[in-house]
Structure formats: structure tokens, C-alpha cells
Amino acid sequence: MENYFEAVRSYNKHKENGHDEIRPPNYKSKYLWRTIKWKNGNKAFEYKNNAITLKFSRKMESVTIPLPEGANMLMLPDGTKLNGTPIEVKVKAVYRKKEVSHLQLHVTWDYGIVPVSVNVKVSAYDINSAVVARTSTEGNRQLIMCGEILSLVQYRNKVIAEFQSRMSKLKDGSKKMKKLSKAKGRILKKLERRINQLVNSLTKLMGVLDKEENISVSLLGDLTDLRRSAETGDKNKVASHKINQMPYSKIENQHSYKSLMKQIQSKKANERYSSQTCSRCGARNKEYRIERGLWKCEECGETIHADINGNTNILKNYLFGRCDLGWLLRMNR
């Protein structure tokens with residue numbers, strides 16, 4: 001952000017000195033082509049004989065583009081082949097040195113129902129502010145560090161605040177307001193791409209770990225309770241601030257479809273009391289969580305990373321029901 005505003009100041013100085021050939025930061029001509037989209041709902045294209053026919057206006061002829069062999073086919077890990085139906089087509093112009101070097105064709109396919117594995121192996125993921133804890137019925141426990149995602153989201157919020165502060169001092173519709181608005185959109189789009197790339201890498205790793213262990217059900221902690229506890233003051237201000245900035249929705253959506261592509265069923269799991277209960281003896285006391293990453297049970301002496309402890313409880317609750325000692329005693333009365 002600081003580099004951008006420094007470049008803007010430099011650009012203004014050059015303009016004042018008569019250098020009209022200088023262009024502002026991230027300058028793009030308004031005559032650039034945009035991505036063109038066709039959707040199957042209004043029959044804007046046809047798919048026949050492994051070729052896509054794109055329809056234009058009445059005065060222009062349609063264009064038929066042959067697709068590579070097997071473009072409509074998806075091979076699942078167990079060897080199952082699925083034939084897809086195209087539901088959307090996008091054509092994007094790629095520029096090199098201000099000239100169109102080539103066009104890209106993007107086709108979205110619908111593959112229908114994907115069969116999933118039916119064994120009893122289960123994994124569970126607990127997403128916290130900068131760490132993802134993983135536990136599986138195979139006895140493996142991992143911590144995946146993802147602090148860079150959180151730092152980028154926080155930086156994006158600072159960029160928004162800086163732009164809003166500067167734009168609030170300008171008149172609506174002025175040239176400076178329009179330039180700042182466009183610059184804001186470009187910078188935020190760039191940050192969004194970086195965040196999406198990191199989320200993609202994280203969810204891809206989750207799918208790889210599950211596939212290596214032949215997992216059939218992948219659990220993701222239900223984040224509703226986590227955010228509600230942040231709003232009610234159950235957590236301190238710093239933790240609450242971090243919790244509400246993580247892109248949980250993106251992680252949840254990508255985890256769902258990437259698990260499905262590996263024939264793994266994804267489910268949400270209740271996190272209720274998971275971080276307050278000992279995963280070894282079932283004693284429930286939130287004070288046993290001494291620090292952000294340390295759990296020490298005074299009943300059985302279990303010392304473990306707090307996120308691993310909570311995630312193990314999520315897995316146990318899914319497999320066996322509520323496992324905390326207080327609940328079991330109440331049920332036996």
C-alpha cells in the first residue's frame with residue numbers, strides 16, 4: 001500500500017513537470033477486452049460432437065470450437081469415469097505488450113453425483129485463527145500452520161481503511177475520487193488472488209492427507225459456535241479479532257468440493273465444549289487450557305497442544321457421541 005501511494009506522488013510530480021507521457025500506477029486502457037461469458041440456461045451455446053458452438057448477435061455468425069479428446073471426462077481415484085455436461089463457457093483475452101496474444105476458453109462442467117468411499121476411516125479438522133489441527137482414526141495428528149492467510153486478510157483490511165480515509169476527504173465524482181476508487185479495486189483484487197491461492201493450497205493439502213490414509217469421511221468443525229463465542233466475549237479481544245477475520249467460508253467450500261473429487265464425504269461437526277474437555281479422561285474445565293496452544297489436565301495429567309486436544313474431541317463426539325465426563329455422569333443418574 002505504501003509503495004502504491006509513493007508511486008502516485010511520483011506520478012503527480014512528473015505530470016507537474018510536463019511529462020505527459022507518464023502513466024499512473026497500474027494504468028490500463030479503457031479499450032481492453034473483457035472476459036465474455038456464455039451460459040447454458042439461455043442456450044447461448046451448444047455442445048455437440050465434442051465441440052462448443054458459441055452464439056453471437058444476429059448479425060454475427062456462430063463460432064464452433066473443437067475440444068480436446070476427453071475434455072468432458074473426469075477420472076476419479078478409484079478409476080470411475082464421469083461424463084460431464086457443459087453449463088458455462090468463458091472466453092478470456094490474454095495480452096502481451098498491449099496486444100492480444102491469444103484467447104483462452106474456460107468450460108465449466110456438471111458431472112452429476114460423485115460416488116464416495118464407504119469405509120469407516122474418519123478425519124477431523126479444527127480451524128483456528130492461524131492453525132488447522134488434524135486428527136484421524138488412523139492415529140495421526142498434525143498441525144498445519146496457516147498464519148500467512150490471516151496476515152494477508154489483516155493487511156487487506158488495513159488497505160481498505162487507508163483508502164477509505166483518503167477517499168472520505170474527497171468530493172464524490174471528482175477525478176481523484178475516481179482514480180482512488182479504481183486503484184482500490186485493483187489492489188484489493190490482487191490481494192484477493194493471493195488469499196485464494198493460499199486457501200487453495202491449504203485445502204489441497206487437507207485432501208492429500210485424507211487420500212493417503214484412505215479416509216471416507218472428513219469432518220470440519222462447525223464454525224458457527226466459534227464465532228458466536230467470539231461475539232459473546234468468551235474469548236479475549238485479540239482472539240476474537242483474529243477469529244472473525246479468517247476466510248472460513250472459502251475454506252469450507254473448497255474443502256467440500258476437493259474432498260468430493262477424491263471420493264471423500266465432507267461433513268460439519270459440532271465443536272460444543274470440545275476446547276474445554278480433556279480428550280483423554282473427559283474432564284471438562286476451561287481453566288485446563290493454560291495458554292493458546294497448551295492443554296494440561298489436572299485430573300489425568302494429560303499435556304497436549306490445545307488445538308489437537310479440541311480436535312480429538314470433535315472426532316470422538318462424531319464417532320461415539322458426547323464424551324465429556326460431566327455429561328456422562330448426568331446421563332447415568
Could you walk me through whether K184 and M167 pass the side chain to side chain contact (heavy atoms under 4.5 Å, CB included) test, one step at a time?
CA-CA 10 Å; K184 175 185 175 184; M167 293 170 67; 4.2 Å; yes
Check whether I144 and V208 end up in the same hydrophobic cluster, where Ile, Leu, Val, Met, Phe, Trp and Tyr are linked by side-chain heavy atoms less than 4.5 Å apart.
no
Linking I/L/V/M/F/W/Y whenever their side-chain heavy atoms sit closer than 4.5 Å, directly or via other members, would M73 and Y47 fall into one cluster?
no
Using every non-hydrogen atom in the two residues, find where P247 and V153 come nearest and quote the distance to one decimal.
CD-CG2, 4.1 Å
Let me confirm one number: the NZ-OG1 distance from K258 to T203, rounded to the nearest 0.5 Å.
3.0 Å
Any chance you could measure H255, atom NE2, to K204, atom NZ, to the nearest 0.5 Å?
15.5 Å
I'd like to know if the side chain of N313 pairs up with that of T277 as donor and acceptor (distance under 3.5 Å, no hydrogens or angles considered).
no
So which atom in P66 and which in A51 form the shortest heavy-atom distance, rounded to 0.1 Å?
CA-CB, 4.0 Å
Any chance you could measure Q164, atom CD, to L180, atom CG, to the nearest 0.5 Å?
10.0 Å
In this structure, would L150 and V199 fall into the same cluster of hydrophobic residues linked by side-chain contacts under 4.5 Å?
yes
Does E61 have more than 12 heavy atoms from other residues, nucleotides or ligands lying within 6.0 Å of its CD?
no
Going only through I, L, V, M, F, W and Y residues with side-chain contacts under 4.5 Å, is there a path from L143 to I149?
no
Kindly say whether L67 contributes a backbone atom to a donor-acceptor pair with the side chain of N50 at under 3.5 angstrom?
yes
Decide yes or no on side chain to side chain contact (heavy atoms under 4.5 Å, CB included) for Y318 and V122, but give the supporting numbers first.
CA-CA 9 Å; Y318 173 79; V122 183; 4.1 Å; yes
How long is the span from the CD1 atom in I36 to the CH2 atom in W38, to the nearest 0.5 Å?
4.5 Å
Take E252 and S256 through the side chain to side chain donor-acceptor pair (under 3.5 Å) test and state the conclusion after the steps.
CA-CA 6 Å; E252 182 180 319; S256 177; over 6 Å; no
Measuring from atom CG of L260 to atom CD of Q265, what distance do you get when rounded to the nearest 0.5 angstrom?
9.0 Å
Transitive ILVMFWY side-chain link L188 to I195, under 4.5 Å:
yes
Indicate whether the side chain of T64 and that of T53 have a donor and an acceptor atom separated by less than 3.5 Å.
yes
Of all heavy-atom pairs linking D172 and M177, the shortest is OD1-CE, 3.6 Å
With a 3.5 Å cut-off and no angle check, do the side chains of N309 and S279 form a donor-acceptor pair?
yes
Regarding Y288 and E299, do their side chains bring together a donor and an acceptor under 3.5 Å, going by distance alone?
yes
Heavy atoms, side chains only, cut-off 4.5 Å: are V131 and M145 in contact?
yes
If you count the non-hydrogen atoms of other residues, nucleotides and ligands that lie under 6.0 Å from CG in N83, is the total more than 12?
yes
Is the shortest distance from a Lys or Arg side-chain nitrogen in D307 or R289 to a carboxylate oxygen in the other one below 4.0 Å?
yes
Taking side chain as C-beta onward, heavy atoms only, is I304 less than 4.5 Å from R280?
no
When you look at L74 and M261, which way does the side chain to side chain contact (heavy atoms under 4.5 Å, CB included) test go after all the steps?
CA-CA 9 Å; L74 177 66; M261 289 299 98; 3.5 Å; yes
Is the shortest heavy-atom distance from the side chain of D210 to the side chain of R134 under 4.5 Å?
yes
Would you say that S151 contacts E148 through its side chain, given a criterion of any heavy-atom pair below 4.5 Å between the two side chains?
yes
Indicate yes or no: at least one non-hydrogen side-chain atom of S136 is less than 4.5 angstrom from one of I215.
yes
Value for OG (S218) from CE (M206), rounded to nearest 0.5 Å, stands at 6.0 Å
Check E46 with K55, please: is the shortest side-chain N to carboxylate O separation under 4.0 Å?
yes
May I ask you to test the H102-Q104 pair for a side-chain heavy-atom distance under 4.5 Å?
yes
Using the side chain to side chain contact (heavy atoms under 4.5 Å, CB included) rule, take T135 and I314 through it: C-alpha gap first, then chi angles, then the decisive distance, then the call.
CA-CA 9 Å; T135 307; I314 294 175; over 6 Å; no
Are the charged groups of E162 and K158 less than 4.0 angstrom apart, N to O?
no
